[in-house]
There are 2 protein chains.
Amino acid sequence: MSSRKGQGVLELAVLGLLHESPMHGYELRKRLNTLLGMFRAFSYGSLYPCLKQLLANGLIMEDRPEEPNVPLALQSRRSKIVYKLTAEGKERLQQLLTEAGPASWEDEGFGVHFAFFSHTRADVRLRILEGRRSRLEERLESVRAGLARTRERVDSYTLELQNHGLESVEREVRWLNELIGRERTEQEEQARTSKSTNTTQDMPRETGR
Amino acid sequence: MSSRKGQGVLELAVLGLLHESPMHGYELRKRLNTLLGMFRAFSYGSLYPCLKQLLANGLIMEDRPEEPNVPLALQSRRSKIVYKLTAEGKERLQQLLTEAGPASWEDEGFGVHFAFFSHTRADVRLRILEGRRSRLEERLESVRAGLARTRERVDSYTLELQNHGLESVEREVRWLNELIGRERTEQEEQARTSKSTNTTQDMPRETGR
DNA sequence: TTCGTCATGTAATGGGTTACATGATTAC
DNA sequence: GTAATCATGTAACCCATTACATGACGAA
């Protein structure tokens, strides 16, 4: 309960990764950066404080290896700390995965949300994809407008830059269109298959573990 | 003299725009955001403080309209403030345009530097383009490596994201290749044309003013 | 006269990086 | 035994956003 605001994108990313399997910070960061690939890279300086806070909020718990043969006290061994989700953490993850507000249309939020699409409800996936698309279309609109206004008095490099930007975004829109198309047909198929007891949910199955 | 560090990208952008023509903050911000189009958008909350600091550093000066018919004091009229570059400011701009360190390979820095390419020396342009390209190729490399390592145990959405990222970057690399090619042939042409008194400089001409 | 946009500013806050400090483990 | 890399952490700083406060000016 109560807001205790998570620090944006990192919270979701960490909870999402830890849901797949428990991990220690160092590994977490690597997985994080390969997961987000081109979009983002986090440093320890932001990861560890984040973990600390998630711990304080009871969303994750540490699982220290517990060296059974060390006398008793003097446990400041400073070794790996494996983190895993608590029940509350799983709940929170589910919540973040489902909310998908306007933040998930932005570059950052979108990337992370998308990375966990296989754990996201189909209807939410669709909402995010469509939100993202209209966000991008807004941008295209305004850039095109500005481009039309200033058209003449602009040097060729600036123009080149604008164009490259436009094309990149147009490309992403096409990509989104394709994805949205796929999602839609999948949804229709599933609707046809399971005529009865429709629980609005359909994720590709929990990956066990 | 002395570092008095400029706050990253904004300084260059502001100096660059003010070099083209004097402006007040409000307009500056609009031009800024259309100039940078897809890449970036600044808010007043960062622009005004920046102007303030540039002013304090003597890089720009205010040019208040001076209402000639207002009694004398009581000039707190609060109206438009037009900023323009000082001599020192022009110097600083030139310096920023020429330095082009590693920061200008990164997304942010690159965009802004590129936007002012028509005021940048040809050799510096080439350095930036090539720096950018190798920066991107590094990223491609590491992402591809990570992709090869984890290949199997990764869900289709994550894969889709990675791929889209890769393709975007590959596309930018191709774009850069084209630009670099053009720059090279231009340089060669110029070398052939002006056989004599070579001053290592060649900008498309100072736009007068 | 009021509404929308132009115009300038600031304080609180946020979210992140850099650089550093430290220790454990592995491979040579 | 030493170098590289794994692993954890923190403090100082940086850059920018948000939300707010203020006011001018033109058009309806």
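Protein chains get the first letters and strands the later ones, always in sequence-line order, with residue 1 at the start of each.
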Is a side-chain donor-acceptor pair under 3.5 Å present for A:Thr98 with A:Arg121?
no
Starting at atom CG of B:Leu47, determine the distance to atom P of D:dT18, rounded to an integer number of angstrom.
15 Å
Return the nearest nucleotide to the side chain of B:His24; candidates are D:dA16, C:dG9, C:dT8.
C:dT8
Taking the six-membered ring for Trp, are A:Phe110 and A:Phe117 parallel (under 30°), tilted (30 to 60°) or perpendicular (over 60°)?
perpendicular
Kindly point out which of C:dT17, D:dG9, C:dA7 is positioned nearest to the side chain of A:Ser43?
C:dT17
Just to confirm, is there a sub-4.0 Å distance from OP1 or OP2 of C:dT8 to any side-chain nitrogen or oxygen of B:Tyr48?
yes
What class does the angle between the rings of B:His119 and B:His19 fall in, given that below 30° is parallel, 30 to 60° is tilted and above 60° is perpendicular?
perpendicular
Can you check the A:Glu106 CD to D:dT17 P distance for me, whole Å?
12 Å
Assign B:Gly25 to base, sugar-phosphate, or nothing according to its heavy-atom contacts below 4.0 angstrom with the strands shown.
sugar-phosphate
Out of D:dG9, D:dA7, D:dA16, which has the shortest distance to the side chain of B:Leu10?
D:dA16
Phosphate OP1/OP2 of D:dT10 contacted by A:Lys52 side-chain N/O (<4.0 Å):
yes
Under 4.0 Å between any heavy atoms, over every strand shown, what does A:Arg29 touch: base, sugar-phosphate, or nothing? Just pick one.
nothing
So if I take every side-chain heavy atom of A:Tyr26 and compare against C:dA7, D:dA7, D:dG9, which nucleotide ends up nearest?
D:dA7
Atom NZ of A:Lys30 and atom P of D:dT8 are separated, to the nearest Å, by 11 Å
Distance only, no hydrogens: is a donor on one side chain within 3.5 Å (strictly under) of an acceptor on the other, for A:Arg92 and A:Gln95?
yes
Of the listed C:dG16, C:dT10, D:dA7, the closest approach to the B:Pro49 side chain comes from C:dT10
Upstream residue (5' side of DNA chain C) when B:Glu27 and B:Ser46 are each assigned their closest nucleotide
B:Glu27
To the nearest angstrom, the OH-P distance between A:Tyr83 and D:dA7 comes to 13 Å
Run the salt bridge (charged side-chain N to carboxylate O under 4.0 Å, His left out) check on A:Arg139 and A:Glu172 step by step: do they pass?
CA-CA 12 Å; A:Arg139 280 201 229 167; A:Glu172 186 173 343; over 6 Å; no
Which residue lies toward the 5' end of DNA chain C, B:Leu51 or A:Ala41, if each is placed at its nearest nucleotide?
B:Leu51
